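What follows is a single structure, written as structure tokens, with notes after it.
In this text the structure is predicted, and so the values were computed from the model without any measurement. Computation of the quantities below employed the complete heavy-atom set of this structure, encompassing side-chain atoms and omitting hydrogens, waters and symmetry-equivalent molecules.
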Amino acid sequence: MADFLSLHWGERVVGVEASVSGGSIRVRTTFSADRSTATAATTADESSDSDAEVSNDADWLSSAVSAAGVSARQAFVVLSQQDVVTRWLELPAVSDEELPDVVRWQAGTKSTLSVDQLIVDFLPLPVAEGAETRSVLLATVARETVDEIGRELSAAGLELRGVGVGSLALTDLGLRLAGGHDTSDGLVIAADGNQLEVTVHQQGLTILTHSASLSGESDPVRTAGQAISRALFAADNSVTDLKLESAVLLGSLGADLAEVVRGRLVRGEGEGEPRVDVVSLSDTPIVSFRKAPEEDLAGSPALAAAVGGLLTAAGEVSERIDFLDPHRPPPPQIQYDRRCRPP
């Protein structure tokens, strides 16, 4: 059974090597490495050129992969929110064939970078019958960011096979771990003492993402609650007919946020408390670890996103964002003149 390597790419890279089969994820090894330390070591040497910088990064990455005993040579990367921009867009009710070009044009009008400097992809959202508009979740990343990741992986002996979005991987994982949430609108939240990630989904399809740093906060639960409220306010202002009735909470801060989140969900008429599921990666039949992750990794949003990225790498999600293979318009059809006959 082939192993997949998924990397959550931020200031700290978190890696997970696992096999994925029959809806189960069997993790062989996990590791983390600090990119900022490697970069600082390189830039401190003023005499180094770009080739030396790649070499330094390669040593750092290959050393981390080797120390963890990783055998996979192909990697799927999910980006942190610091490198990717996601945005809900409402568009004219164009056809699926026209959608990539319309989204790309919209991306160019909303970015400070030229659209030629971006890689643009999107998640198409369901279209109501007779609707005059349609919606997508737009995602953009600087082309240079993806090129740099490819160079660093190649120099470390790894092949880059895909580049997705960490927050979307969290949605995929949260909905897989807690079944039944994709039939209603809801939240997937991952949090520890350093970072909060919030995704809002409409019947299983991500429509908004939000992140916030909790590092150094004296009351991270309170700060996280405020950030969640901001995310919900933004979702309500963007998406009509959104009725958030459930939530999946991941990470070491998940249980502490349960009551905060429950108070922000919609209670259905004549129904009981909104559904809030707190899920631990170490206590679910869907995910198993050959060796428990290090303590600072075990409850982190980055680890959850990397595990979620395995589902995309294994082709177990129906719709995905992949900056190496983004949605494109169909190739133009060749029109033949029937008056012209081949000799």
Within a strict 4.5 Å, meaning less than it, do heavy atoms of the [X] and [Y] side chains meet?
| X | Y | answer |
| --- | --- | --- |
| Leu177 | Leu250 | yes |
| Leu170 | Val78 | no |
| Gln203 | Ser184 | no |
| Ser211 | Glu197 | yes |
| Leu214 | Asn194 | no |
| Ser111 | Thr140 | no |
| Asp185 | His201 | no |
| Arg176 | Val248 | no |

Quick one: closest heavy-atom pair of [X] and [Y], and the distance?
| X | Y | answer |
| --- | --- | --- |
| Phe76 | Gly164 | CZ-N, 3.8 Å |
| Arg28 | Ser71 | NH1-OG, 3.9 Å |
| Val27 | Ala18 | CA-CB, 3.6 Å |
| Ala93 | Ala131 | CB-O, 3.7 Å |
| Val198 | Ala231 | CG1-CB, 4.1 Å |
| Gly174 | Val188 | CA-CG1, 4.2 Å |

**Report entry** Qualifying side chain to side chain donor-acceptor pair (under 3.5 Å) pairs with a residue from residues 295-308, counting only residues at least two apart or across chains
**Finding:** Arg12-Asp296
Exceeds 12 heavy-atom contacts within 6.0 angstrom, atom [atom1] of [X]:
| X | atom1 | result |
| --- | --- | --- |
| Glu144 | CD | yes |
| Arg222 | CZ | no |
| Asn237 | CG | yes |

Using atom types as modelled and distance alone, determine if a side-chain donor or acceptor of [X] lies under 3.5 Å from a backbone N or O of [Y].
| X | Y | result |
| --- | --- | --- |
| Ser252 | Asp192 | no |
| Glu17 | Asp3 | no |
| Ser238 | Ala234 | yes |
| Thr284 | Leu281 | no |
| Ser246 | Gly186 | no |
| Arg35 | Val13 | no |
| Thr183 | Gly180 | yes |

Requested in this report: Start with the C-alpha distance between Ser282 and Ser280, add both sets of side-chain angles, then the distance that settles side-chain hydrogen bond (donor to acceptor under 3.5 Å, both in side chains), and finish with yes or no.
Outcome: CA-CA 5 Å; Ser282 62; Ser280 170; 2.8 Å; yes
Requested in this report: Begin with the C-alpha distance, continue with both residues' side-chain angles, and end with the deciding distance and a verdict on side-chain contact (heavy atoms from CB on, under 4.5 Å) for Arg73 and Val65.
Outcome: CA-CA 10 Å; Arg73 294 292 92 189; Val65 168; 3.7 Å; yes
Show me the side-chain donor-acceptor pairs of residues 114-126 shorter than 3.5 Å, one per line, residues at least two apart or across chains.
from: Ser114; atom 1: OG; to: Asp116; atom 2: N; distance (Å): 3.2
from: Gln117; atom 1: OE1; to: Ser114; atom 2: N; distance (Å): 3.2
from: Asp121; atom 1: OD1; to: His327; atom 2: N; distance (Å): 2.9
from: Asp121; atom 1: OD1; to: His327; atom 2: ND1; distance (Å): 2.6
from: Asp121; atom 1: OD2; to: Asp322; atom 2: N; distance (Å): 2.9

Query raised in the report: Going through the checks in order, is the side-chain contact (heavy atoms from CB on, under 4.5 Å) test met by Gln195 and Ser213?
Result: CA-CA 5 Å; Gln195 187 69 25; Ser213 173; 4.3 Å; yes
**Report entry** Basic-acidic side-chain contact under 4.0 Å: Glu259, Arg262
**Finding:**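 Looking at Arg262 together with Glu259, the answer is yes, because their closest N to O distance falls below 4.0 Å.
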Query raised in the report: Partners of His210 by ring pair (Phe, Tyr, Trp, His ring centres under 6.0 Å), sequence neighbours excluded?
Result: none
Same cluster (ILVMFWY, side-chain, under 4.5 Å), [X] and [Y]:
| X | Y | value |
| --- | --- | --- |
| Trp9 | Leu324 | yes |
| Phe323 | Leu89 | no |
| Phe31 | Leu158 | yes |
| Leu160 | Leu79 | yes |
| Val146 | Val77 | yes |

Query raised in the report: Given Ile207 and Leu242, is the side-chain contact (heavy atoms from CB on, under 4.5 Å) satisfied, shown in steps?
Result: CA-CA 10 Å; Ile207 59 173; Leu242 186 64; 3.8 Å; yes
Query raised in the report: Got a second to check how far Asp34's CG is from Glu11's CD, nearest 0.5 Å?
Result: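 Asp34 CG to Glu11 CD: 7.5 Å, rounded to 0.5 Å.
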Query - Evaluation steps, side-chain contact (heavy atoms from CB on, under 4.5 Å), between Leu196 and Ile228 - result: CA-CA 9 Å; Leu196 169 76; Ile228 292 168; 4.2 Å; yes
**Report entry** Positive for side chain to side chain contact (heavy atoms under 4.5 Å, CB included) with Val165, one of Val85, Thr312, Thr86, Thr199
**Finding:** Thr86
Query - Derivation of the side-chain hydrogen bond (donor to acceptor under 3.5 Å, both in side chains) call for Glu294 and Ser32 - result: CA-CA 9 Å; Glu294 296 292 333; Ser32 68; over 6 Å; no
